[in-house]
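Some notes on the structure that comes next.
Counting convention: from 1, in listed order, for ligands and their atoms alike.
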Amino acid sequence: MENKKERSTFGGSLGFILAAAGSAVGLGNIWRFPYLAAKDGGGVFLLCYLILALTFGFALLTSEIAIGRKTGQSPLTAYKVMNKNWGWTGILACVIPTIILPYYCVIGGWILKYLADFVTGNAAAAVEASHFTGFITAQWSPILWFVVFLAATVFIVYKGVNNGIEKFSTVLMPILVLLIIGIAAFSLTLSHSDDAGVTRTGLEGLKVYLIPNFEGMTFSKLLRVVIDAMSQLFYSISVAMGIMVAYGSYVKKDVNLVKSVNRIEFFDTLVAFLAGMMIIPAVFTFMGSEGLAASGPSLMFISLPKVFNAMGVIGPFIGILFFLMVTFAALTSSVSLMEAVVASFMDKFHYERKKSTVIVSVISLLVGIVVCLGYNLLYFDLTLPNGSVGQVLDILDYVSNYVLMPVVAIATCILIGWVCGPKSILDEITLGGIKFSRKALYVFMVKFATPAMLFLLLLQSFGIIK
Ligand code: PHE
């Protein structure tokens with residue numbers, strides 16, 4: 001390999017697992033998973049998700065981490081090392097985090113703003129829906145908060161693999177889990193009577209979440225549930241954006257990749273599951289079933305502040321804990337996005353970490369400002385091929401998540417399944433005599449099932465299947 005200097009490595013497998021889990025656990029776990037679970041028949045969705053995690057997710061995650069460790073390269077150069085004709089996949093895998101990072105940090109800025117609102121006792125103002133729209137359409141304030149969030153990300157990445165990413169993940173992830181367990185437990189104790197005298201409790205909300213609801217479940221509805229679970233899982237485990245390749249390249253050869261993949265997926269699924277236990281009972285108690293129809297920004301920045309407000313005196317305190325937890329989740333994800341690009345520039349152009357970080361920061365700063373202005377000076381409405389209407393942020397999200405990511409993931413499966421052959425990955429995984437009992441499953445998934453399923457996602461992105 002051209003890189004003469006020794007490559008940084010994660011100190012141990014725990015550091016790697018927490019860093020990768022930190023990437024995987026993000027806004028998707030908190031604002032999309034619970035909503036999908038509530039919409040898609042509770043336990044039915046959870047079951048589909050679990051099965052997919054053990055098959056589809058397992059194949060993708062294993063492949064990417066192994067590509068990283070095998071080549072010792074970050075995405076921009078790793079794919080080319082696997083096969084000299086596949087460098088284009090690496091370029092795409094590096095373009096994706098470059099696109100996502102700026103808008104992810106813009107949303108990170110919104111979270112910081114709400115955290116600040118709750119900390120400064122401004123929680124009451126945050127209850128109004130107009131507070132959110134007023135904030136994101138303002139000219140300067142969103143840019144300011146975006147810059148603060150970006151700066152925190154840059155700080156961690158700049159400090160490097162051990163002193164930055166690994167160290168922060170090992171501190172932030174356990175705190176995040178404690179916070180989410182605490183809030184979820186509190187959520188279950190809630191009870192509230194509405195104006196019509198109807199009393200709802202957190203425990204009833206828990207039933208909506210956990211008990212499979214087969215009412216009106218037809219074959220086509222079940223297919224919808226499976227596709228929802230698959231697209232959620234795909235986004236949630238942070239594959240197809242070069243991240244797991246970059247993180248894999250920092251893993252020592254004696255780490256058991258099979259165990260690591262299991263633990264990363266377990267962690268990610270656990271946090272998503274707990275997020276549902278935290279959000280569904282709380283929203284159900286105070287807003288009823290209709291409240292459960294919100295996801296994304298409107299769940300986090302409109303519905304939940306209303307719920308915190310309805311909790312009475314303890315509400316603002318729960319709000320602080322919640323937004324702190326979300327800040328940690330988003331920060332470890334944005335760090336991983338930035339690292340995928342920074343490491344790529346380091347490997348490809350032989351830049352020092354400092355230079356590479358500065359370049360990526362400047363690109364993100366400029367694009368992020370355009371994203372912020374997308375709600376103000378540069379406002380327009382554009383209907384995307386999948387039917388949603390959006391601004392700059394939604395366009396970047398569409399191009400990266402819905403188009404480029406499935407393409408990169410399909411290309412990865414073809415590269416591994418058919419061009420290099422699954423053996424190239426199996427050899428890496430079983431290095432040092434490590435047992436891999438799901439070999440046959442892996443080969444079947446990577447060659448046939450996973451690319452076919454990803455193709456479905458792509459068709460959905462183009463609006464060909466609804
Ligand atoms: N996996 C993250 C989530 O579930 C998504 C993500 C990760 C986005 C890394 C960007 C970067 O929210």
Subject >> Partner of Ile425 under side-chain contact (heavy atoms from CB on, under 4.5 Å), chosen from Ile67, Leu257, Ile65 >> reply: Ile67
**OP:** Could you check atom 6 (C) of ligand 1 against the protein and tell me its nearest heavy-atom contact, residue, atom and distance included?
**Re:** Met241 CE, 4.0 Å
Subject >> Residue pair Thr153 / Ser334, side-chain donor-acceptor N/O under 3.5 Å >> reply: yes
**OP:** Looking only at distances, please establish whether an N/O atom of ligand 1 is found under 3.5 Å from an N/O atom of Ser236.
**Re:** yes
**OP:** Would you confirm whether Lys253, through its side chain, and Arg69, through its main-chain N or O, come within 3.5 Å as a donor-acceptor pair?
**Re:** yes
Subject >> Polar contact flag for Ser336 and ligand 1 (N/O pairs, less than 3.5 Å) >> reply: no
Original post:
At under 4.0 Å between heavy atoms, which part of Asp268 makes contact with ligand 1: side chain, backbone, both or neither?
Top reply: neither
Original post:
Which residue holds the protein heavy atom closest to atom 8 (C) of ligand 1, what is that atom called, and what is the gap in Å?
Top reply: Tyr104 CE1, 3.5 Å
Original post:
Do any nitrogen or oxygen atoms of Gly28 lie less than 3.5 angstrom from nitrogen or oxygen atoms of ligand 1?
Top reply: yes
Donor-acceptor pairs under 3.5 Å, side chain of residues 363-376 to any protein atom, not counting sequence neighbours: which ones?
from	atom 1	to	atom 2	distance (Å)
Ser364	OG	Val360	O	2.8
Asn376	ND2	Thr137	O	2.6

Subject >> N-O pairing of Glu166 and Lys159 below 4.0 Å >> reply: no
**OP:** Determine yes or no for a side-chain-to-main-chain donor-acceptor pair under 3.5 angstrom, with Arg7 supplying the side chain and Gly72 the backbone.
**Re:** yes
Original post:
So is Ala24 polar-close to ligand 1, meaning N/O to N/O under 3.5 Å?
Top reply: yes
**OP:** Using a strict cut-off of 4.0 Å, indicate which atoms of ligand 1 neighbour a heavy atom of Gly26.
**Re:** 3 (C), 4 (O), 12 (O)
Original post:
Using a heavy-atom cut-off of under 4.0 Å, does the side chain or the backbone of Asn29 touch ligand 1, or both, or neither?
Top reply: both
**OP:** Consider every N or O of Ile237 and every N or O of ligand 1, then say whether any pair is closer than 3.5 Å.
**Re:** no
**OP:** Tell me whether the centres of the aromatic rings in Phe33 and Tyr49 are closer together than 6.0 Å.
**Re:** yes
Original post:
Any chance the side chains of Asp397 and Tyr103 put a donor and an acceptor closer than 3.5 Å?
Top reply: yes
**OP:** Check ligand 1 against Leu337 and write out every atom of the ligand that is under 4.0 Å from a heavy-atom position of the residue.
**Re:** 10 (C), 11 (C)
Subject >> Numbered atoms of ligand 1 (with element) below 4.0 Å of Ser23, judged on heavy atoms >> reply: 1 (N), 2 (C), 7 (C), 9 (C)
